[in-house]
Amino acid sequence: MFSRAKARAGMPAEIRWHDLRHLAATRAAEAGATLAELMKRIGHSTVAAAMVYQHATDTGDARLAERMAALDEEYRGGNVIAFPA
């Protein structure tokens with residue numbers, strides 16, 4: 001069934017179900033999903049297993065730095081400490 005679905009979608013034959021699962025989890029992590037959210041979505045029972053998908057991306061690191069800077073600005077009333085992106 002999966003082979004037929006891949007063919008209809010124009011996907012390469014070597015794509016495995018696990019590859020799609022990994023891609024979905026990676027995209028969720030890039031979108032800012034927490035470890036708890038990843039564990040629930042992917043079905044992992046340990047934090048260590050879910051951490052595979054929390055690999056840092058340049059855009060994820062930049063978003064985190066922006067959120068931290070915004071919090072710092074809020075707490076300090078505009079005196080922002082710049083975090084490296």
Side-chain angles (χ1 to χ4, degrees):
M1 181 187 309
F2 185 56
S3 295
R4 287 190 305 240
K6 287 190 300 185
R8 283 194 308 266
M11 297 169 62
E14 61 270 5
I15 296 289
R16 301 168 298 156
W17 178 254
H18 179 80
D19 298 325
L20 298 178
R21 183 174 185 257
H22 181 77
L23 177 62
T26 299
R27 292 290 189 255
E30 288 176 307
T34 65
L35 283 174
E37 291 167 332
L38 286 172
M39 288 174 67
K40 182 178 179 181
R41 179 168 290 254
I42 302 303
H44 289 302
S45 59
T46 66
V47 171
M51 286 181 68
V52 168
Y53 302 105
Q54 283 286 57
H55 45 77
T57 64
D58 291 338
T59 56
D61 285 343
R63 282 195 305 269
L64 175 59
E66 289 168 7
R67 290 193 309 265
M68 291 172 68
L71 281 175
D72 187 60
E73 182 175 359
E74 179 181 328
Y75 292 137
R76 295 179 186 264
N79 185 12
V80 177
I81 298 172
F83 294 99

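These figures come from a predicted structure and were not determined experimentally.
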Self-check item: Enclosure of Arg27 CZ (heavy-atom neighbours >12, cutoff 6.0 Å)
Solution: no
Quiz item: How far does CG of Leu71 sit from CD of Glu66, to the nearest 0.5 angstrom?
Solution: 12.5 Å
Quiz item: Any donor and acceptor pair, going by atom type alone, linking the side chain of Lys6 with main-chain N or O of Ala13 inside 3.5 Å?
Solution: yes
Quiz item: Which heavy atom of Phe2 sits nearest a heavy atom of Ile15, and at what distance?
Solution: CE2-O, 3.8 Å
Quiz item: Under 4.5 Å between side-chain heavy atoms, hopping through other hydrophobics if needed: is there a path connecting Leu23 to Trp17?
Solution: no
Quiz item: If you look at every heavy atom in Asp19 and Glu14, which pair is closest and at what distance?
Solution: OD2-O, 4.0 Å
Self-check item: Spatial distance of atom OG1 (Thr46) from atom CE (Met39) [nearest 0.5 Å]
Solution: 6.0 Å
Quiz item: Sub-3.5 Å donor-acceptor pair from the side chain of Arg41 to the main-chain atoms of Ala25, do we have one?
Solution: no
